Amino acid sequence: MEIEDEAWTKAEPEAEALVWRAAQAVLDAHEDVEGQGIVILLADDDSVQALNRDFRQKDYATNVLSFPSPQDPATNPEGQIGDIALAYGVCAREAAEQGKPLSHHLQHLVAHGVLHLLGYDHEGDDEAEAMEALEREILAGLDVPDPYADER
């Protein structure tokens, strides 16, 4: 884990522990990925915008980006699952707009990002429903309320 933007720990002193708890909860629910690593970057908006622009050709900051690692042992000998980057300003703003604690939003976005690393997506309605159901289940185990409750 790398905390690039100290705003994360100023706003949420337990940020590192919350991130690892959420990531581990997803991995625990997927026994087939036991022992594989994830790199998590708590960054500022500018850094995430640059990543989004350079790797996705989208020139704006977003809450979370996931970059799955190649699964070929020749190009990924450590067996890493991938990398996740979260933008502090976007995440803090979304949490405030949604009336939820930053800690809950952070754990939701980490779980969401790790699920992306494991191959889950939300492009179609069925995929979105399946991914959201997993997020709800994982977050409930972390005592985080359903992040989609207000969207229904």
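Not measured: the values here are computed from a predicted model. Counting from 1, the numbers follow the sequence of the chain as shown.
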Student: To the nearest 0.5 Å, how far apart are CD in Gln107 and CG in Leu18?
Tutor: 4.5 Å
Student: Report the residues that fulfil ring-ring contact (aromatic ring centres under 6.0 Å, His included) with His105, sequence neighbours left out, ordered by chain and then residue number.
Tutor: none
Student: Are side-chain N/O atoms of Asp45 and Gln49 paired as donor and acceptor at under 3.5 Å?
Tutor: no
Student: Of the options Ile40, Leu42, Leu41, which is the one that meets Glu2 in a side-chain contact (heavy atoms from CB on, under 4.5 Å)?
Tutor: Leu41
Student: Out of curiosity, Asp143 CG to Arg21 CZ, how far, rounded to the nearest 0.5 Å?
Tutor: 9.5 Å
Student: Can Tyr148 and Glu135 be said to form a side chain to side chain donor-acceptor pair (under 3.5 Å), step by step?
Tutor: CA-CA 10 Å; Tyr148 300 105; Glu135 290 174 22; 2.4 Å; yes
Student: Could you name each residue pair satisfying ring pair (Phe, Tyr, Trp, His ring centres under 6.0 Å) that touches residues 37-58, not counting sequence neighbours?
Tutor: Phe55-Phe67
Student: Taking Val110 as the starting point, is it possible to reach Val90 by hopping between hydrophobic residues whose side chains are less than 4.5 Å apart?
Tutor: no
Student: Starting from Ile81, can I reach Val39 by hopping between I/L/V/M/F/W/Y residues whose side chains sit under 4.5 Å apart?
Tutor: no
Student: If you round to the nearest 0.5 Å, how far is CG of Leu109 from OG of Ser66?
Tutor: 9.5 Å
Student: Restricting to pairs with a member in residues 7-19, which pass side chain to side chain donor-acceptor pair (under 3.5 Å), not counting sequence neighbours?
Tutor: Glu6-Thr9
Student: Are Leu86 and Leu115 connected in a single hydrophobic cluster, I mean Ile/Leu/Val/Met/Phe/Trp/Tyr linked by side-chain heavy atoms less than 4.5 Å apart?
Tutor: yes
Student: To the closest 0.5 Å, what do you measure between CD1 (Ile84) and CD1 (Ile38)?
Tutor: 5.5 Å
Student: Tell me, yes or no, whether the heavy-atom count around Glu137 atom CD, taken from other residues, nucleotides or ligands under 6.0 Å, exceeds 12.
Tutor: no
Student: Spell out, yes or no, whether Met131 and Ile138 are grouped together once hydrophobic residues are joined by side-chain heavy atoms under 4.5 Å, including indirect joins.
Tutor: yes
Student: Taking all atoms of both residues into account, what is the closest heavy-atom pair of Ala111 and Ala22, and its distance?
Tutor: N-CB, 4.5 Å
Student: Establish whether Val19 and Tyr88 are linked, either directly or via other cluster members, by ILVMFWY side-chain heavy-atom contacts under 4.5 Å.
Tutor: yes
Student: If I take atom CG from residue Leu102 and atom CZ from residue Arg93, how far apart are they, to the nearest 0.5 angstrom?
Tutor: 12.5 Å
Student: Find out whether Tyr120 and His30 are in side-chain contact, i.e. whether some heavy atom of one side chain is under 4.5 Å from a heavy atom of the other.
Tutor: yes
Student: Using the ring-ring contact (aromatic ring centres under 6.0 Å, His included) criterion, which residues pair with His116? Sequence neighbours excluded.
Tutor: His112, His122
Student: Do you know which of Asp5, Thr62, Val64, Asn63 makes side-chain contact (heavy atoms from CB on, under 4.5 Å) with Val48?
Tutor: Thr62
Student: Tell me, yes or no, whether the heavy-atom count around Asp54 atom CG, taken from other residues, nucleotides or ligands under 6.0 Å, exceeds 12.
Tutor: yes
Student: How would you list, by chain and number, every residue that makes a salt bridge (charged side-chain N to carboxylate O under 4.0 Å, His left out) with Asp59, sequence neighbours excluded?
Tutor: Arg53
Student: Does Tyr60 have any ring-ring contact (aromatic ring centres under 6.0 Å, His included) partners at least two apart in sequence or in another chain, and if so, which?
Tutor: none
Student: Got a second to check how far His108's NE2 is from Ser103's OG, nearest 0.5 Å?
Tutor: 13.5 Å
Student: Please examine the side chains of Leu139 and Pro147, heavy atoms only from C-beta on, and report whether any two atoms are closer than 4.5 Å.
Tutor: yes
